[in-house]
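All values derive from a computational prediction rather than experimental measurement.
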Amino acid sequence: MTLSGNAKDRGVDSARPKAASARRGPTRRPVDRVRMILALAGLVLVIGLAVLQRAVPDLLLAPIVFAAGVVMAAVPAFVAVERLFRGEARLVTNGVLAALIAYLVALGLNLYVLGPGPDVVQRALAQRPGGGGNIAPLHLYIATVVAFITVVGFADRYLLRNAAWGGLVVTALAALVGNTATLPGMLLTFLLGRLVAFAVRWLRGTTDPSPTDADVAAALAETDLPPVTSRRIANARDGTRRYEAFTDTDERFTVTVLDRDRITAGLAYRLYQRLRLRRPAQSQGLMSLQHLVEQRTLLALAVRHSGIRTPRLAAVRKLNADAVLFAYEDVPGRTLDRLAPEELTDDLLTKVWQVAEDLHQHQISHRRMSADAFIVGDDGKVWLTRLEAGGVAAAALQHRLDDAELLVTLGLLTDPERAVRTARTVLGDATLGAVLPLLRPAGLSLTTRSRLRRDKGVLEQVGKEILAFQPEAPAAKAVVYERLQPRTILSALGGCVAVYFLIGQFASQPIGEVFKGISWPWALLALAGAAVTYLAAAMNLAGFVPMRLNYVRLLLAQLAASFVTLVTPAAVGGLAVNTRFLQKAGVASGLAVTCMAASQIAMFGAFLLLVMLFGSLSGSSTGSQLPPSSVIVTVLLAVALIAVVVATVPRLRKFTLDRVKPYFSDVGPRMLELARDPARLAFGVGGAFLLPLAGSLALWASVLAFEDDKPVQFATVAVVFLIGKTAGSLVPTPGGLGAVEAVLSGGLAAATGISGSTAFSAVILFRLLTFWLPIAPGWVATTWLQKREAL
């Protein structure tokens, strides 16, 4: 069957065969059988080694350590001899110098830490795990070898490289298992070796391994091309080394040299992509030089075989172990960003879209649809270049990401309306609808994102233009192609700190001691206070919504919000869940945001009034170290300082207004409307006050559950709760984990005079009732609401 008709009449996957009507039955895959056998063999091997190690402890460890030591000695020696035969004596000299310096520095640090060094450093780095005296914090042999092999390197000897680093890792693990090293000390050993090696390389300098112009000319002479004369192009825009080559037959070629330094220069961005995006959305993985050469060659041949105009790959030659050249046929013309505005006609834009669509019809992705990816030849035809990051047999998501970037690129070159209009004539409305949820900066190439920073409104305008062409179309389903967002990375880091804090607390106070001597009546009162917080949150939201809500579902939504905070910061998850609940309940999106903003303003006002009230009542009769005046002044000064900083820094002021104004622009009229219904307004404001009061009650009862023989003022605990919970929630960890525990524990100990262990036990009970215990019912509530399309 052949494809015909306008592309807009075809669906997104019109060229694909339809799925069979009957689903095939289950089948036993041979690969699963092999994996099962390997897993079973690994299980038996680990159990056998564990039993044997218990029976004869030194029988396994000693041979492994000996073999690793032989590898660590033999491999560097072999590499050094090979480098000497290549005439690279300076490199070997630098390696020996780095090894000597690393050895001396590690020895000096060991003597310092074990001698006059601070006790805290000695305990951290040199105290034997489990007690029994001190050990050398740094491993001299490992530091020496790491420094040497880092400087000398392995070139293309991948087997030797893996053997050397494998021997180092095995030796390190053996030292940790044998209780002769600490984990911080071993990590510092590796880092010290690398630090010394790079310092020596920087100070002494290294021989430039890049091929010379003469090497490039000699490699071109060995190809099947006619006699070639080459000339280097100065100031290549993307930083690569490029040459112009001319043959005796007046043929012109563009020669690109891909070397290992160029790959390393882009390593940080590729690592960022690998962390940030899921695999289908990554434009380029972590590849070796050989893999990159194979990828570029395959793409060039596949695109040309598909009938798409692209410069012919005339030659691929390896210059040395670290560099490869590509010779492409030269196409006379200019890239899109070098054309005058009047040259970017609708006809030209349509041709560009047709090239992209033809590429995707052959299941090839490009992944760098920037302005310099297309060349308009002198004959007016469009050529596709920059075949560096795409792939063959690509997924539909990669095709749509290409379309999204090309929309942004053409929108930057011309205007969003023309970019979308010309795309519609080729792609059709269905494909444009699939592209809409992908219009996010994370999916664009680095070049396009750099251009977008100078005109940030283009991305949003392109989305509006797509919706303008199909206003009645259903909302596009969100596509998740981002693995991590910056806030998620911050949450993960904060979570690590929180876990470290909790582990430290439990290490000094075993879990059995945390709840020892608990008074269960007070614990039940704390549980009741925690339960009332969900009722108060539902009251607060219901009071600011003009329509009547299903109170059962509204209460379940608060439980769902508590479940969501398990994976989101405490100040974010609840707002998102409640806004989504209101939208599903029939409240317009703009009104839902306004109602949430009004409820948050009421809660903030209640927070300030309660802090001032309880701060005035607390501290006078209990010997507290937290004077009431200092509490009030600290809170007010903190709020004032934040407001002054935001108001005086122009960029921060603009950023805050852009983020806050959409949420609070309609709050004033909404408040005036609520003033006509005082009962509903009182209901919402009452929930705003009841929520922190119930939380304070839960914390106060948790303290009395462990300290009921000593009077503890409710007002004092309420101040600690209000300030500590708010401060902990600002930390980007799930539910404020770690930060809330640390702030509340320290605050209770300072304000009430109870011991640190008692404060920690009280806070753990409080968090168990308010954070951990609601997880299970929160998950049930989330699932129930989602099944009924209420969330």
Side-chain angles (χ1 to χ4, degrees), residues 58 60-111 135-178 180-181 185-211 259-261 263-264 288-290 318-323:
D58 296 331
L60 296 176
L61 193 59
I64 293 175
V65 173
F66 175 75
V70 171
V71 171
M72 288 170 57
V75 171
F78 178 83
V79 172
V81 172
E82 185 181 37
R83 292 288 189 178
L84 288 174
F85 275 108
R86 290 184 181 181
E88 300 176 353
R90 179 181 176 83
L91 185 64
V92 177
T93 302
N94 289 346
V96 173
L97 179 62
L100 177 61
I101 295 175
Y103 176 84
L104 294 176
V105 172
L107 179 61
L109 289 175
N110 283 347
L111 294 176
I135 54 179
L138 300 178
H139 198 293
L140 300 180
Y141 191 19
I142 291 180
T144 303
V145 175
V146 167
F148 180 82
I149 65 177
T150 299
V151 170
V152 176
F154 298 92
D156 54 352
R157 299 278 189 169
Y158 302 115
L159 180 61
L160 293 178
R161 181 195 64 186
N162 296 336
W165 285 107
L168 288 168
V169 171
V170 169
T171 303
L173 292 176
L176 293 173
V177 172
T180 60
M186 193 57 66
L187 294 176
L188 288 177
T189 299
F190 279 89
L191 292 175
L192 175 64
R194 301 283 283 182
L195 173 64
V196 171
F198 293 134
V200 169
R201 287 175 59 176
W202 180 66
L203 292 173
R204 294 267 297 169
T206 57
T207 303
D208 187 4
S210 303
D259 56 34
R260 206 173 298 277
D261 286 342
I263 297 174
T264 305
S288 65
L289 176 63
Q290 185 62 33
K318 192 166 188 177
L319 297 172
N320 56 40
D322 298 318

- Message: With side chain to side chain contact (heavy atoms under 4.5 Å, CB included) as the criterion, how do V146 and W165 come out once you've worked through the C-alpha distance, each side chain's angles and the decisive distance to 0.1 Å?
- Response: CA-CA 8 Å; V146 167; W165 285 107; 4.1 Å; yes
- Do I142 and M186 pass the side chain to side chain contact (heavy atoms under 4.5 Å, CB included) test, and can you show the C-alpha distance, the side-chain angles, and the key distance before you say yes or no? CA-CA 9 Å; I142 291 180; M186 193 57 66; 3.7 Å; yes
- Item | side chain to side chain contact (heavy atoms under 4.5 Å, CB included) between I149 and L168, worked out | CA-CA 11 Å; I149 65 177; L168 288 168; 3.7 Å; yes
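The side chain to side chain contact (heavy atoms under 4.5 Å, CB included) test with F148 is passed by exactly one of N94, V96, V196: V96.
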Let me check something: any side-chain donor-acceptor pairs from residues 102-110 under 3.5 Å, sequence neighbours excluded? List them with distances.
residue : atom : partner : partner atom : Å
N110    : OD1  : L138    : N            : 2.9
N110    : ND2  : L138    : O            : 3.0

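Within the structure, side chain to side chain donor-acceptor pair (under 3.5 Å) contacts touching residues 135-145 (residues at least two apart or in different chains) do not occur.
Counting only heavy atoms from C-beta outward, the side chains of P76 and V152 never approach each other to under 4.5 Å.
In this structure, T150 OG1 and F198 CZ are separated by 5.5 Å, a value rounded to the nearest 0.5 Å.
Between the side chain of R90 and the main chain of R204, a donor-acceptor pair closer than 3.5 Å is present.
When every heavy atom of A143 is checked against every heavy atom of T189, the shortest pair comes out as N-CG2, 3.5 Å.
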